[in-house]
There are 2 protein chains.
Amino acid sequence: MDRPAVAVARAGSRAADRPETRGERKERTRQAIMDATLALCEDSSLVALSLRQVAKEVGIVPTAFYRHFASIEDLGLALVEDSFVSLRAMLRDVRRTDPDYGDIIDSSITVLEEHVRSRHSHFAFIARERSAGPPAVRAAIRHQIELVERELATDLARLTDPAYWSTEDLAVLSNMIVTLAVGTTEAILSARHDGEQAIVEQARTQLRMVLVGALRWRSDERAPTDRVEPVEPAERG
Amino acid sequence: MDRPAVAVARAGSRAADRPETRGERKERTRQAIMDATLALCEDSSLVALSLRQVAKEVGIVPTAFYRHFASIEDLGLALVEDSFVSLRAMLRDVRRTDPDYGDIIDSSITVLEEHVRSRHSHFAFIARERSAGPPAVRAAIRHQIELVERELATDLARLTDPAYWSTEDLAVLSNMIVTLAVGTTEAILSARHDGEQAIVEQARTQLRMVLVGALRWRSDERAPTDRVEPVEPAERG
DNA sequence: ACGTTGAGTGCACAGACGTTCACTGAGTTC
DNA sequence: GAACTCAGTGAACGTCTGTGCACTCAACGT
């Protein structure tokens, strides 16, 4: 285990022996750097990663790194971009599957699970660096998540009755669903394989619980807070 | 800004000139190390912290560190212990305030806000290292959070009707509330001061939404998933 | 064909890193 | 008050860090 693990393909990887364009080579090395970085900080974090570790893993000399990124932090910002491409691909799949399938909740969580599995280094990167990355990376991730929240809020507006749901409360609901999705993602990523199904089932139940509440919600009422204690006598049997 | 910022008090800090016990001094330095570490990894993470940085901040020589901890990871485990003392103090306050105050939700979130503010380095540590710390630290934090979830589940059992709530669903609800609490904590910690009140209000609304759902929940029904689309015709006006 | 461009090389540097070791000297135990 | 304990010292080590600089040489523009 001494030679690069996520190395940039040394020579003639495929496709006969076409000479390979200058831009192609650069892009390939850039991609190799990003892959190696995702692999290396899978346990720990970007902030604990050195430029030389990345270079060694890729199979280039440390100074060659600067041809692609000005710093590790700069690399991190590029990885945020890449990771949110994966996340948005998931959101597209969620929306695409919704009308077909009968149960929005089941299908949404299934799509989440599939994407988290297949692109797990991207989702893990977002979840980790969101709170532990370099300040600029944290800011970029939080901004992207905020955009996603706003999108989800407009989606929810189409599914709810505007007479009962204020736009503020839609934003709050959207934030809650995103928070739960992040939590579920983290749980899937840190679960052993045999525990994954239980987590997915839990996420489905949670989403159902939230939507039971959503069905009964009225933005102009200050909700059930004073009815929460006398719950037993209410409607039994 | 060259001399230690969170230094162990050099000599005769207070209390006349009592010679100071050996154990007292050790405990004081140990505490200074932990405080300095919390301060240093406030932005970034434990895994990005060097033993020498900590020593310099405390005002001791690097090798003196080993008199207190075997490694940074070991230090991290001690910080987990300390941080969860703060978290459990918060839970105690939540439970203590509940019966007095009319509104469980308002008072709980208020208590959360107060504790997160006054012990914010502890809460920030948990939130950050939970997903970015050294593996052993991550494991310790997840275990502690799991214990908290179990406690909350038994609390919830006392507030809900056992005829409608299975113990499994109580665990799921508990997990959801903890996830939301973690999310709210992270939001408070990364908010500018003027945005904090909005976040607190959002957390209250979210908890209300969840409890509206909880009131209507029946563990033996597969919830409202097929009623989520025809929501407009249901009960208007 | 020929000069230019630029990704990747190789060396060199000064500084920070974790850890070792023998040490000092104040607090403790007899 | 003499012997002991042990938190903190200070120098030294080999290794790893980011970055500067002069370089090569294949793809590129003309």
Side-chain angles (χ1 to χ4, degrees), chain A residues 2-4 6-13 15-34 36-37 40-41 44-76 78 134, chain B residues 2-4 6-13 15-34 36-37 40-41 44-76 78 134:
Chain A
D2 221 345
R3 285 299 124 205
V6 189
V8 49
R10 218 49 179 134
S13 60
D17 27 322
R18 178 166 56 82
E20 181 177 46
T21 283
R22 197 117 112 173
E24 281 175 343
R25 174 157 176 78
K26 176 156 192 182
E27 182 54 29
R28 194 159 50 86
T29 305
R30 184 186 152 93
Q31 212 32 253
I33 290 176
M34 296 176 81
T37 304
L40 280 175
C41 72
S44 83
S45 160
L46 245 201
V47 292
L49 211 59
S50 75
L51 186 152
R52 286 179 111 102
Q53 279 176 61
V54 174
K56 179 181 285 186
E57 182 86 355
V58 174
I60 58 175
V61 95
T63 48
F65 178 93
Y66 292 112
R67 298 286 178 195
H68 302 274
F69 304 99
S71 63
I72 292 282
E73 175 168 324
D74 192 36
L75 207 202
Chain B
D2 220 348
R3 283 301 124 201
V6 189
V8 49
R10 219 43 178 139
S13 61
D17 27 320
R18 182 167 51 82
E20 182 175 43
T21 284
R22 198 118 111 172
E24 281 175 346
R25 175 159 175 77
K26 178 158 191 181
E27 182 54 31
R28 193 159 51 85
T29 304
R30 185 186 152 93
Q31 212 34 253
I33 290 175
M34 296 175 81
T37 304
L40 280 175
C41 72
S44 84
S45 159
L46 245 201
V47 291
L49 212 58
S50 74
L51 187 153
R52 287 178 111 101
Q53 278 177 63
V54 175
K56 179 181 285 188
E57 182 86 356
V58 174
I60 58 176
V61 94
T63 48
F65 177 93
Y66 292 112
R67 299 287 177 193
H68 302 273
F69 303 100
S71 63
I72 292 282
E73 175 168 324
D74 191 35
L75 207 200

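Residue numbers begin at 1 in each chain, while the letters A, B, ... track the order of the sequences.
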Asker: Could you state the NZ-P distance from B:Lys56 to C:dG18, rounded to the nearest angstrom?
Answerer: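 The answer, rounded to whole Å, is 12 Å.
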Asker: Which nucleotide in the set C:dG8, C:dT28, D:dC28 lies at the smallest distance from any side-chain heavy atom of B:Thr21?
Answerer: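 Among C:dG8, C:dT28, D:dC28, the one nearest the side chain of B:Thr21 is C:dT28.
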Asker: Going by side chain to side chain contact (heavy atoms under 4.5 Å, CB included), A:His68 matches just one of A:Arg30, A:Gln31, A:Glu27. Which one?
Answerer: A:Arg30
Asker: Which of these nucleotides, C:dG6, C:dC17, C:dA26, is closest to any side-chain atom of B:Arg22?
Answerer: C:dA26
Asker: Starting at CZ of A:Phe69 and ending at P of C:dG8, how long is that distance when rounded to a whole Å?
Answerer: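 That distance rounds to 11 Å.
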Asker: Whole angstrom is fine here: how far is it from CZ in A:Arg25 over to P in C:dG8?
Answerer: 5 Å
Asker: Ignoring hydrogens and geometry, is there a side-chain-to-backbone donor-acceptor pair from B:Ser50 to B:Gln53 under 3.5 Å?
Answerer: yes
Asker: Okay, side chain of B:Ser71, backbone of B:Asp74: is any donor-acceptor separation there less than 3.5 Å?
Answerer: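 Yes: the side chain of B:Ser71 pairs with the backbone of B:Asp74.
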Asker: Taking protein heavy atoms under 4.0 Å as touching, what does nucleotides 19-24 of chain D look like 5' to 3' if B marks base contact, S marks sugar-phosphate-only contact and - marks none?
Answerer: BBB---
Asker: What is the distance, rounded to the nearest whole Å, between atom CZ of B:Arg30 and atom P of D:dC6?
Answerer: 17 Å
Asker: When you measure from the side chain of B:Glu24 to the backbone of B:Thr21, do you find a donor-acceptor pair of N or O atoms at a distance under 3.5 Å?
Answerer: yes
Asker: Taking only the side-chain nitrogens and oxygens of A:Ser50, find out if one of them lies under 4.0 Å from OP1 or OP2 of D:dT17.
Answerer: yes
Asker: DNA chain D: B:Lys26 or A:Ile72, which has the more 5' nearest nucleotide?
Answerer: B:Lys26
